[in-house]
Each structure stands twice: as structure tokens, then as C-alpha cells.
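Numbers here simply count residues along the sequence, with the first being 1. Heavy-atom basis, side chains included; hydrogens, waters and symmetry copies ignored.
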Amino acid sequence: MNKQRLEAFSDGVIAIIITIMVLEMKVPHGTDWLALRPLIPVVLSYALSFVFLGIYWCNHHHLFQAVRHVNGQVLWANLHLLFWLSLIPFVTSWMGENHFVAGPVAMYGVVMLLAGCAYFILTRVLLAVHGAESPLATALGSDYKGKVSLVLYAAAIPLAFLIPSLACGVYVLVAAIWLIPDRRIERVLAAPGNAGDHG
């Protein structure tokens, strides 16, 4: 199967998710700067989720540059990822509106953990389609950052019930890890003989 429709659909869904998130931010009734103070947790949670969605979009884009074709399993694995990403506006709003209390902060971690697991599953399904010797397999390597992220999410969930602010700090740490540029796929695609794999 051709991968272009999958990429276009995924781009559209992520764009809609971001739109829903910003629409969840209610305009204050006051007209002075103090009226914005209650919105600070909402804006912070929105900013964190926006960064995470941006990371997923960038990684998804780079991943599929190394993909030559997809099958039905890939389509369902991709939909599985999009399902968990589509829940981000809900947990973002819940966490922000309740000023980062334990339950919403923990649930945010659950959704991010399951989204991370879904992305990992997507990469494994793609590897099964393309083989262990493919440019995709070379580009993904051991996926160290992905595995570390899952461990950090899993640790942050129970931590949220003890120190919610520290759990939020773990989420920020995960985002910071992924903001460090990762050129693996770009390097593999730039290697001689791989130029046609991303067409």
C-alpha cells in the first residue's frame, strides 16, 4: 500500500488535536492582567502538550521518510497511536483546569505512557514489514530515547499521587530529551543507495 494517505490522515488528525486543545482555553471575563492569572496552569499544560504533539508529529514524519510501503497492520498500529494522541486535549484540559492536582496529573502520564507504547508498537510493525536489514531498522537502532521515555512516564504516574509537581517535572524532562535533535534517520537516508527509500 502507498504510505501517502496514511501520512496525510495522520497530519490532519494531529492538526485537529492541537486545534481542539487551543479551543479548550476559555477567554477570561475580566479585562486586566489579573484576569489571566487563573489561566496560568491551563496555558502551561497547553504548552507542554503542544510540545509533545509537535515531537510526535516530527518523529512520525521522519519515521515515514524511511518507510517504503505499508500494510493493514501498519494502518491499525497508526490508528492506535492516533487514538491515544486524541485523548491529549482531554487530559491537558483536566490537568490545567484543576491546577495540577494528583489525579489529573497521573492520568496525563497514563495517556502519554500509552501513546509512547503505541508509537513503539508502530515502529515494531514497520520493522516487521521492512526487515531487520532495512534502512528503517538501521535508523531506529536501539531506540534508547523511546525506552527511557516509557520508563520515566511509568515512574511519574505513581509519583503524581505523592508530589504532583515533581511528576510534571518528569514530563518536562521527557519533552526536553526529545527536543534534542536526533539525526539518525536523516543520516541513514542521506547515505549512498538509500536516496530512493523515502520517495
Side-chain angles (χ1 to χ4, degrees), residues 1-25 42 45-97 104-130 134 136-137 139-140 143 145-154 156-157 170-172 174-175 177-179 182 184-186 189 197-199:
M1 297 181 188
N2 190 289
K3 65 178 182 177
Q4 272 71 36
R5 288 190 66 188
L6 181 150
E7 292 179 287
F9 179 75
S10 302
D11 288 349
V13 170
I14 293 175
I16 291 170
I17 292 170
I18 291 174
T19 302
I20 291 171
M21 278 202 318
V22 75
L23 290 176
E24 288 290 322
M25 299 171 65
V42 176
S45 61
Y46 167 79
L48 178 62
S49 293
F50 185 92
V51 169
F52 273 124
L53 285 167
I55 289 167
Y56 271 106
W57 180 77
C58 290
N59 287 341
H60 191 275
H61 171 73
H62 280 94
L63 178 66
F64 276 85
Q65 294 304 295
V67 168
R68 283 183 266 182
H69 51 268
V70 299
N71 60 14
Q73 288 181 315
V74 174
L75 297 180
W76 281 108
N78 193 70
L79 284 170
H80 179 226
L81 170 62
L82 294 177
F83 171 78
W84 292 112
L85 294 183
S86 72
L87 292 178
I88 289 179
F90 170 74
V91 290
T92 299
S93 179
W94 195 29
M95 184 170 69
E97 291 287 346
V105 171
M107 185 56 67
Y108 187 89
V110 169
V111 170
M112 299 310 295
L113 173 63
L114 293 173
C117 289
Y119 189 85
F120 179 80
I121 291 170
L122 175 60
T123 61
R124 298 307 106 177
V125 172
L126 285 168
L127 285 174
V129 172
H130 290 77
S134 64
L136 175 65
L140 287 174
D143 192 22
K145 289 203 295 187
K147 293 172 183 175
V148 169
S149 299
L150 295 181
V151 171
L152 289 174
Y153 286 138
I157 294 168
V170 174
Y171 302 149
V172 172
V174 174
I177 290 172
W178 283 102
L179 285 175
D182 189 342
R184 288 176 300 169
I185 292 179
E186 292 177 4
L189 292 178
D197 292 331
H198 62 284

Decide yes or no for [X] and [Y]: does some side-chain heavy atom of the first lie under 4.5 Å from some side-chain heavy atom of the second?
X	Y	result
Phe52	Val174	yes
Leu48	Val172	yes
Val67	Leu6	no
Leu53	Ile88	yes

Test side-chain contact (heavy atoms from CB on, under 4.5 Å) on Val129 and Val74 and set out the steps. CA-CA 8 Å; Val129 172; Val74 174; 3.9 Å; yes
How many angstroms lie between [atom1] in [X] and [atom2] in [Y], if you round to the nearest 0.5 Å?
X	Y	atom1	atom2	result
Met107	Met112	CE	CE	14.0 Å
Leu122	Leu79	CG	CG	10.0 Å
Phe50	Ile17	CZ	CD1	12.5 Å
Leu23	Ile16	CG	CD1	11.5 Å
Ser49	Glu24	OG	CD	11.5 Å
Asp11	Phe64	CG	CZ	10.5 Å

Is the backbone N or O of [Y] less than 3.5 Å from a side-chain atom of [X], with the two atoms forming a donor-acceptor pair by type?
X	Y	result
Ser93	Phe90	no
His61	Trp57	no
Tyr119	Asn59	yes
Tyr153	Ala115	no

Minimum-distance pair of heavy atoms, taken over all atoms of [X] and [Y]:
X	Y	value
Pro89	Ile20	CB-CG2, 3.8 Å
Ala175	Val51	CB-CG1, 4.1 Å
Thr19	Val22	O-CG1, 3.1 Å
Leu113	Leu150	CD1-O, 3.6 Å
Ser45	Gly96	OG-CA, 3.5 Å
Ala156	Tyr171	CB-CE2, 3.5 Å

Where does the angle between the aromatic ring planes of His69 and His130 fall among parallel (under 30°), tilted (30 to 60°) and perpendicular (over 60°)?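 Parallel.
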Anything under 30° is parallel, anything over 60° is perpendicular, the rest tilted; go ahead and classify Trp84 against His80. perpendicular
Can Arg5 be said to sit on top of Phe9's aromatic six-ring, NZ or CZ under 6.0 Å from centre and within 45° of the ring axis?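 Checked: cation-pi criterion not met.
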side-chain hydrogen bond (donor to acceptor under 3.5 Å, both in side chains) partner of Asn78, the single match among His60, Glu7, Lys3: His60
